[in-house]
Novice: 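Pasting a structure here, questions to come.
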Amino acid sequence: MRVAILSAEAVPYSKTGGLADVAGALPKALKKIGLDSVLITPCYLQTKGKYLWSVAIDDLWVDWRGFRYRAKAFYSEANGSPTFLIDAPEFFHRSSIYGFREDYERFAFFSYAALCLIKRLGAPPDIVHLNDWHTGFAAVKLALFRHIDPYWKNTRTVFSIHNLAYQGGFNADELWKLGFGREFEINAFLYNGYASAMKAGIVVSDLLSTVSRRYSLEIQTPEFGHGLDYFLRLRADRLFGIVNGIDYEVWNPETDPLIPANYRLSDLSGKIICKQKLLESFGLPSNLEKPVFASISRLTTQKGIDLIMNVSGEILSTGAYIIALGSGEWQYENFWQQLRDHMPDQVGVYIGYNEELAHKIEAGADIFLMPSRFEPCGLNQMYSLRYATVPIVHAVGGLDDTIEDFDAVNFTGNGFKFREFTSAAFLEKIYEALFFYHDKELWQRIQTNGMKEDNSWENAARKYLELYLMAKGRNP
Ligand code: ADP
């Protein structure tokens, strides 16, 4: 089976969030279970020059909007499997990956260019695996091409939703300029008088998936559907939930080169060293008996930072430490900075994006806070499990699928989870966790249960393979 995966970001070439982790890891995991795929992603200014490149295609002609664009495609295997990076400076050489008024145009171009590239590579793929709104444009073109171009006749599409909150909306008058002038195409995009690339991907793709089972159900409700729940309910029989894996080559305390001491299930002593070094690196006194609460997050309302704001006083009044790493909305950045200024002996804060520090915090912390309002999958709670850092989460999306509340009678469960999105419910779980933290034996039990979980990509890749097979066997 031939599979092409399209993604607007992919580790290690570019990253703003979980989508990049998935796009970077899935091809490698598919390869391990015997399925070869190619990954296609843009070549950003931030990507260029970082890896070993070879120019695979110097003249990738893309006919678009009445022009012939000449793009290039670089080839790399830096993520362990074949990747083509589309180089078109006009669209991708910017100060950041997203955040421009014309983002919809940039990714419409990416979608077109990716389809041109696939054609240049040879035999048609059985599956084009599309990810998030950036690739909704390709979904629409493929749904059309299969009827008019024999090359695409047997190609099927799988469209994965990583975060429904970002929908690639734009003025519907722009559609014809992007080359979507047919009635079928316009109808696919149209939504409430606007055009939405996410909605288009949802309504035209052969199969749909999202990054956890629970999120696949949640997005069919008005509460979590961001206005698209109706279309998802219509296509519920084609919508599947596959929890992301995590890359144990990168996130593994036994081998992680970024942490001060390695540790394993049978010997957690290295974790104490990590804790001590973490406290030192933030200039905090090393009272190793006190628990370290941690947060690593984009600072947006999605992540439930307001709940952390509401309970931080209570956490600190128990004498615990809080260490936060994140960047985003100014009110949350302000909150963290002010909390640190107010309690400099208990709070450590780093505003910004720092991959290395993320590893050090996962290793050195005791408790990980993830009270997201909604969470399609979430990765940090899974990293936490592997690093024996006990997560406290809101029971939504992937957090609900991967975290099981600790049960002190049967000794089952790998963390703590609260159902109602309130500070009181969150605080109750924080106190419960603190209670167990002081019972060394039980605490180790929770840590061990977490470390034993298998959230590997191989598991997830097998489920994607099933999905591809199902799509392949399907008539459009
Ligand atoms: P989302 O994709 O919604 O941001 P996920 O939990 O799925 O959330 O993935 C977030 C990824 O980004 C994780 O790998 C996390 O460690 C990383 N991350 C988020 N913020 C930072 C930061 N400030 N510094 C380093 N890594 C971060």
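As a basis for the values below, the full set of heavy atoms in this structure was taken, side chains included, without hydrogen atoms, waters or symmetry mates. Counting starts at 1 for both ligands and their atoms, following the listed order.
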Novice: Are Phe107 and Tyr98 close enough that their ring centers fall under 6.0 Å?
Specialist: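 Yes, the ring centres sit under 6.0 Å apart.
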
Novice: So which heavy atom in the protein is nearest atom 2 (O) of ligand 1, and how far is it from that ligand atom?
Specialist: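 Residue, atom and distance for the closest contact: Gly18 N, 2.6 Å.
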
Novice: Pull out every atom of ligand 1 sitting under 4.0 Å from any heavy atom of Leu325, numbered as shown with elements.
Specialist: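 In order of numbering, the contacting atoms are 22 (C), 23 (N), 24 (N), 25 (C).
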
Novice: Do any N/O atoms on Met370 end up under 3.5 angstrom from N/O atoms on ligand 1?
Specialist: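 It does not: no N or O of Met370 is found under 3.5 Å from an N or O of ligand 1.
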
Novice: Would you check whether Lys303 has a nitrogen or oxygen atom less than 3.5 angstrom from a nitrogen or oxygen atom of ligand 1?
Specialist: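 So ligand 1 has an N or O lying under 3.5 Å from an N or O of Lys303.
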
Novice: Could you identify the single nearest non-hydrogen protein atom to atom 27 (C) of ligand 1 and state the distance to 0.1 Å?
Specialist: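 Minimum-distance protein heavy atom for atom 27 (C) of ligand 1 reads Tyr353 CE1, 3.3 Å.
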
Novice: Should the heavy atoms of other residues, nucleotides or ligands under 6.0 Å from CD of Glu428 be counted, would the total exceed 12?
Specialist: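 It does not: Glu428 CD has 12 such atoms or fewer within range.
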
Novice: Determine, for Tyr387 and Lys271, whether the Lys NZ or Arg CZ falls below 6.0 Å from the six-membered ring centre while staying within 45 degrees of the axis.
Specialist: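 Output no; distance or angle outside limits.
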
Novice: Give the atoms of ligand 1, by number and element, whose distance to some non-hydrogen atom of Gly326 is under 4.0 Å.
Specialist: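 Here the atoms of ligand 1 in question are 23 (N).
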
Novice: Counting only heavy atoms from other residues, nucleotides and ligands, does the tally under 6.0 Å from NZ of Lys15 exceed 12?
Specialist: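 Yes, enclosed.
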
Novice: Is there a salt bridge (charged side-chain N to carboxylate O under 4.0 Å, His left out) between Lys463 and Glu466? Walk through the geometry before answering.
Specialist: CA-CA 5 Å; Lys463 294 185 182 140; Glu466 274 172 36; over 6 Å; no

Novice: Quick check: does Trp251 get an N/O under 3.5 Å from an N/O on ligand 1?
Specialist: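 No, no N or O pair falls under 3.5 Å.
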
Novice: Looking only at protein heavy atoms, which one is nearest to atom 24 (N) of ligand 1, and what is the separation?
Specialist: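 Nearest neighbour among protein heavy atoms for atom 24 (N) of ligand 1, to 0.1 Å: Asn354 N, 3.0 Å.
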
Novice: Run the ring pair (Phe, Tyr, Trp, His ring centres under 6.0 Å) test on His394 and Phe426 for me, step by step, so that the C-alpha distance in whole Å, both residues' side-chain angles and the decisive distance to 0.1 Å come before the verdict.
Specialist: CA-CA 8 Å; His394 181 213; Phe426 185 30; 9.2 Å; no

Novice: With a 4.0 Å cut-off on heavy atoms, does Lys15 reach ligand 1?
Specialist: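 In this structure, Lys15 qualifies as a contact of ligand 1 - some heavy atom is under 4.0 Å.
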
Novice: Checking salt bridge (charged side-chain N to carboxylate O under 4.0 Å, His left out) between Asp247 and each of Lys28, Arg386, Lys32, which is the one that passes?
Specialist: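 That would be Lys28.
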
Novice: Quick one: does any side-chain atom of Thr402 pair with a main-chain N or O of Gly398 as donor and acceptor, under 3.5 Å?
Specialist: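 Yes; judged by distance alone, with no hydrogens or angles, the pair exists.
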
Novice: Check the pair Tyr44 / Glu9 against side-chain hydrogen bond (donor to acceptor under 3.5 Å, both in side chains), numbers first and verdict last.
Specialist: CA-CA 9 Å; Tyr44 298 103; Glu9 50 183 281; over 6 Å; no

Novice: Hey, does Tyr383 sit under 4.0 Å from ligand 1 if you only count heavy atoms?
Specialist: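 So Tyr383 counts as touching ligand 1.
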
Novice: Can you spot which of Asp407, Asp400, Asp405 makes a salt bridge (charged side-chain N to carboxylate O under 4.0 Å, His left out) with Lys417?
Specialist: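 Answer after filtering Asp407, Asp400, Asp405: Asp400.
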
Novice: Taking only non-hydrogen atoms of Pro376, do any sit less than 4.0 angstrom from ligand 1?
Specialist: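 Checking ligand 1 against Pro376, which is what was asked, there is no heavy-atom contact under 4.0 Å.
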
Novice: Using a strict 4.0 Å cut-off to heavy atoms of Gly17, name the atoms of ligand 1 that fall inside it.
Specialist: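 Once the distances to Gly17 are compared, the set is 2 (O).
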
Novice: Under a 4.0 Å N-O cut-off, is there an ion pair linking Arg264 with Glu254?
Specialist: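 Between Glu254 and Arg264 there is a salt bridge, with a charged N closer than 4.0 Å to a carboxylate O.
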
Novice: Nearest to atom 23 (N) of ligand 1, what protein heavy atom do you find, and at what distance?
Specialist: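 Going by distance alone, atom 23 (N) of ligand 1 is nearest to Gly352 O, 2.8 Å.
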
Novice: Please tell me whether Tyr13 and Ser76 have a donor and an acceptor in their side chains that are separated by less than 3.5 angstrom.
Specialist: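 A donor-acceptor contact under 3.5 Å links the two side chains.
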
Novice: Report yes if some N/O of Arg298 lies less than 3.5 Å from some N/O of ligand 1; otherwise report no.
Specialist: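 Yes, at least one N or O pair falls under 3.5 Å.
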
Novice: Decide whether the shortest distance between a heavy atom of Cys377 and an atom of ligand 1 is less than 4.0 Å.
Specialist: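 Flag not set, Cys377 not near ligand 1.
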
Novice: Looking only at heavy atoms, is any part of Asp21 under 4.0 Å from ligand 1, and if so is it the side chain, the backbone, or both, or is it neither?
Specialist: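 Contact part for Asp21 vs ligand 1: side chain (C-beta onward).
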
Novice: Do any N/O atoms on Asn380 end up under 3.5 angstrom from N/O atoms on ligand 1?
Specialist: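 Between Asn380 and ligand 1, an N or O pair is found under 3.5 Å apart.
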
Novice: Please report whether ligand 1 has a polar contact with Leu379, defined as an N or O pair separated by less than 3.5 Å (distance criterion only).
Specialist: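 Right, the criterion is met.
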
Novice: Purely on distance, is any nitrogen or oxygen of Ala358 under 3.5 Å from one on ligand 1?
Specialist: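 N/O-N/O distance below 3.5 Å does not exist for this pair.
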
